[in-house]
Amino acid sequence: MKTILITGATSGIGRSTAELFAKQGNRIIICGRRNEVLEALNKELSQITDVFSLKFDVRNLKEVESAIQSLPESWKNIDVLINNAGNAHGLQPLSDGNTEDWDMMIDGNVKGLLYVSKTIIPAMKERNSGHIVNISSVAARQTYVNGVVYCSTKKAVDVISEGMRLELTEFGIRVTNIQPGAVETDFSLVRFKGDAERAATVYAGYQPLTAEDIADSIAYCVNAPKHVCVSDMTIYPAAQAEPRTIYRK
Ligand code: 8X3
């Protein structure tokens with residue numbers, strides 16, 4: 001039984017991962033920004049396992065620090081950190097880009113991941129044990145038009161994962177970088193600012209991945225024997241060859 005902290009646990013990949021790890025008998029710390037959703041999920045998962053919820057915004061260092069510090073003693077030994085929180089905002093050329101969108105992506109996907117990690121890593125180092133799973137994207141492998149800032153934040157996640165592995169392997173801490181392709185979640189709805197029709201076109205005419213597919217992949221890496229470190233995993237739907245090449249019927 002592991003204690004697993006998941007950021008962005010209230011929806012999409014984060015939520016499915018929380019559900020799967022709960023079913024597998026782990027203790028789960030669910031983190032998110034929306035209190036009601038967190039509490040509803042806490043109630044649901046508490047029927048299966050021990051759950052603790054933390055409300056904070058990964059973009060706010062003070063909130064991150066005080067939330068993690070507020071964990072009761074019995075929850076402080078975090079075995080696995082899933083850095084899942086992150087989003088895409090907008091799909092526009094740089095010359096036309098909305099700088100508020102850029103700030104949200106850079107602050108959340110990059111700085112937020114760093115803030116949470118910095119706060120949790122010291123205790124893992126002390127115990128010479130731990131596993132960090134960072135959710136990157138296939139957008140890190142192939143930059144695409146109109147998505148330059150999003151792609152760059154995910155490229156940063158790849159680099160941070162590589163750097164973490166360099167710095168943490170000697171402390172017995174495993175680092176896994178996951179690159180999902182097209183996963184049908186609220187991802188596109190958020191990217192297109194609530195335009196459901198446009199979001200639906202992203203997943204039309206083929207079978208996209210589900211959040212459960214990615215939860216399965218994460219669980220494979222986390223449940224691998226202790227001497228096994230899956231460093232990187234890229235998962236596409238069978239119909240997708242790279243971010244912009246999707247075979248639709
Ligand atoms: C999401 C996948 O291909 O839309 O990270 O960038 S993609």
Side-chain angles (χ1 to χ4, degrees), residues 6-17 58-59 82-94 96-98 101-114 116 132-162 176-218 221 230-249:
I6 304 167
T7 66
T10 53
S11 63
I13 293 171
R15 186 185 178 105
S16 291
T17 305
V58 297
R59 295 172 296 183
I82 315 273
N83 274 317
N84 164 73
N87 271 317
H89 298 278
L91 193 66
Q92 286 162 319
L94 283 177
D96 219 14
N98 176 332
D101 285 345
W102 297 358
D103 289 344
M104 282 196 281
M105 291 188 279
I106 294 169
D107 290 351
N109 304 1
V110 184
K111 289 165 70 180
L113 183 148
L114 288 169
V116 175
I132 300 173
V133 178
N134 294 327
I135 308 302
S136 174
S137 164
V138 295
R141 300 172 69 86
Q142 178 60 60
T143 307
Y144 50 82
V145 166
N146 298 337
V148 175
V149 176
Y150 177 72
C151 293
S152 70
T153 64
K154 290 302 182 176
K155 187 78 115 185
V157 174
D158 280 11
V159 173
I160 293 165
S161 297
E162 193 176 29
T176 298
N177 191 62
I178 305 264
Q179 298 176 322
V183 185
E184 189 165 13
T185 60
D186 284 346
F187 176 85
S188 294
L189 195 64
V190 173
R191 169 174 262 174
F192 300 133
K193 304 184 190 304
D195 183 341
E197 221 170 284
R198 190 171 175 204
T201 63
V202 175
Y203 309 109
Y206 70 105
Q207 188 172 352
L209 295 168
T210 62
E212 289 78 20
D213 293 324
I214 303 304
D216 276 344
S217 306
I218 295 170
C221 301
V230 180
S231 66
D232 298 273
M233 195 186 255
T234 305
I235 310 117
Y236 281 111
Q240 186 177 28
E242 55 91 58
R244 286 294 165 263
T245 307
I246 297 179
Y247 291 86
R248 301 172 198 264
K249 295 222 161 68

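When a residue number appears, it is its place in the shown sequence, counting from 1. Numbering of ligands and ligand atoms starts at 1, following listing order. No experiment lies behind these values; they were computed from the predicted model shown.
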Return the set of residues passing side chain to side chain donor-acceptor pair (under 3.5 Å) with S161 (not counting sequence neighbours), or none when no residue passes.
N134, N177
Counting heavy atoms not belonging to Q207, are there more than 12 under 6.0 Å from its CD?
no
Should we say atom OH of Y206 is surrounded by more than 12 heavy atoms from elsewhere, each under 6.0 Å from it?
yes
Under 3.5 Å, sequence neighbours excluded: what are the donor-acceptor pairs made by side chains of residues 231-238?
{"unit_1": "T234", "atom_1": "OG1", "unit_2": "R141", "atom_2": "NH1", "d": "3.1"}
{"unit_1": "T234", "atom_1": "OG1", "unit_2": "Q179", "atom_2": "OE1", "d": "2.6"}

If I compare all heavy atoms of A182 with all of Q240, which pair ends up nearest, and what's the gap?
N-OE1, 2.9 Å
With Q92 via side chain to side chain contact (heavy atoms under 4.5 Å, CB included) - residues at least two apart
N98, D101
Mind checking what residues have non-hydrogen atoms under 4.0 angstrom from ligand 1?
S137, V138, A139, Y144, Y150, G181, F187, R191, P243
